[in-house]
**Q** 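This is the structure I want to talk about, given as structure tokens.
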There are 2 protein chains.
Amino acid sequence: MTPPGLQDEIKKREPFESREQEAILNILKTSDLFHNRMGRLFREYGLTSSQYNVLRILRGEGKPMPSLEIASRMIQVVPAITGLIDRLEKQELVSRVRCDKDRRVVYVAATQKALDILAEIDEPLVDAHKKLIGHLNQDELKQLIGLLEKSREPVTKDDS
Amino acid sequence: MTPPGLQDEIKKREPFESREQEAILNILKTSDLFHNRMGRLFREYGLTSSQYNVLRILRGEGKPMPSLEIASRMIQVVPAITGLIDRLEKQELVSRVRCDKDRRVVYVAATQKALDILAEIDEPLVDAHKKLIGHLNQDELKQLIGLLEKSREPVTKDDS
DNA sequence: TGCCATTACTTTACATGTAAAGTATATGTA
DNA sequence: TACATATACTTTACATGTAAAGTAATGGCA
């Protein structure tokens, strides 16, 4: 069933120049892998990862949010959020409303249709998470989480 | 100097639904952060992360490589490699040569100009790695690497 | 020899992500 | 009130990444 011995990992060869580099490349590689997997799941529901994230944030907030507030909760740069919301609006998953008091602000809200889709995804998503790293036990997960948080620590302090 | 209390992390709020989810989100978030930082460094040399990776792979190989071989060493899907190499070629960082024996194959090679840039980046890159996670000691790095490798394990076996 | 499947790329269409510049509003202050 | 700034977005230009379909060459086999 499986093709010959295609690419095992990503045919690595270069001996790492340092443990730091090895760790960083491992993070990037693992993230890419998981990102792809999750992306496939979202695609089954007609969403991309970013779109899903916007909707999840809106659901979590429970009420309309300004565009920039949404962008700040994602890792994204400002300009990207506009097109993202444009596409969500076209799919009728969010609606935009100008704020009366401050007309520069645009409030974005998830529609019922979006909430329905999110609800549908909830379970498969939890399953997907389990499938992806369910083979690590709770202690290992805790360790991993701790190490990653520590990794981000110095950067967390300044800005982005 | 630092703006008020802008966004600390990425204003998290939702309590994680499971440790698995927390771990995955941590991986994605950390990766994004590092990816951005490295991207800035590459940009100083006129390269994007992907472009740098292609060149690094070519340097590691030491000789011309078929496009698909390059793509397989990156996490990328096939179509993306074409445009990527197009842009590198336009910058005179790689050259393309059709294989005589199998005219479907296109060999890609790094130019001297590319090798010079890579050499210039080497040291700053090692510094950047150190700066990003140099605060983890060797044991922690080893643990982190081990956990990430274990995380990818089940997926590594089948295909992508 | 002739044809089909495979292989190695390309092309096309579209969703993102980054950077830089522009627009509409608000706000603080002289 | 008039003006310089700051805000909250948009727009524009590009580099990627994904999926799906198309093209050119090879190879295997009847």
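Within every chain, numbering begins at 1; the chains are lettered A, B, ... in the order of the sequence lines, protein sequences first and strands thereafter.
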**Q** Look up atom NE2 in A:His135 and atom CG in A:Leu141, then write down how far apart they are to the nearest 0.5 Å.
**A** 9.0 Å
**Q** Hey, which sits more toward the 5' end of DNA chain D by its nearest nucleotide, B:Ala80 or B:Lys90?
**A** B:Lys90
**Q** Is the closest basic N to carboxylate O distance between B:Glu69 and B:Arg73 below 4.0 Å?
**A** yes
**Q** Hey, which sits more toward the 5' end of DNA chain C by its nearest nucleotide, B:Gly83 or A:Gly83?
**A** B:Gly83
**Q** Rounded to whole angstroms, how far apart are CG on A:Leu68 and P on D:dT7?
**A** 11 Å
**Q** State which of C:dA15, C:dC9, D:dC9 makes the closest approach to the side chain of A:Gln51.
**A** C:dA15
**Q** Can you measure A:Arg98 atom CZ to C:dA26 atom P for me and round it to whole angstrom units?
**A** 10 Å
**Q** Sort out for me which residue in B:Leu25, B:Leu147, B:Asn26 forms a side chain to side chain contact (heavy atoms under 4.5 Å, CB included) with A:Leu148.
**A** B:Asn26
**Q** Which of these nucleotides, D:dT18, C:dC9, C:dA15, is closest to any side-chain atom of A:Arg43?
**A** D:dT18
**Q** Calculate the interatomic distance between A:Leu47 atom CG and C:dA15 atom P; express it in whole Å.
**A** 12 Å
**Q** Within this structure, what is the CD1-to-C1' distance between A:Ile85 and D:dC9, rounded to whole angstrom?
**A** 10 Å
**Q** Among C:dA8, C:dT18, D:dC9, find the nucleotide with the atom closest to the side chain of B:Val105.
**A** C:dA8
**Q** Nearest-Å distance, CZ (B:Arg40) to C1' (C:dA20)?
**A** 16 Å
**Q** CG of A:Asp86 versus C1' of D:dT12: gap in Å, rounded?
**A** 14 Å
**Q** Nearest-Å distance, CG (B:Leu84) to P (C:dT10)?
**A** 12 Å
**Q** Rounded to the Å, how far apart are A:Asn53 CG and C:dA15 P?
**A** 17 Å
**Q** On DNA chain C, nearest-nucleotide positions of A:His35 versus A:Cys99: which is more 5'?
**A** A:His35
**Q** Of the candidate nucleotides C:dC9, C:dT18, D:dT11, which contains the atom at the shortest distance from the side chain of B:Thr82?
**A** C:dC9
**Q** Which nucleotide wins on minimum distance to the side chain of B:Arg96, given the candidates C:dC9, C:dT18, C:dT10?
**A** C:dT10
**Q** Quick one: is A:Arg87 getting a side-chain N or O under 4.0 Å of the C:dC14 phosphate, OP1 or OP2?
**A** no
**Q** Hey, what do you get for CD1 (A:Ile70) to CD (A:Glu61), rounding to the nearest 0.5 Å?
**A** 9.0 Å
**Q** When the nearest nucleotide of DNA chain D is assigned to A:Pro66 and to B:Asp102 on a heavy-atom basis, which residue is associated with the more 5' position?
**A** A:Pro66
**Q** If you measure only the distance, is there a donor-acceptor pair under 3.5 Å linking the side chains of B:Asp116 and B:Gln112?
**A** yes
**Q** Got a donor-acceptor pair under 3.5 Å from the side chain of B:Arg104 to the base of C:dT7?
**A** yes
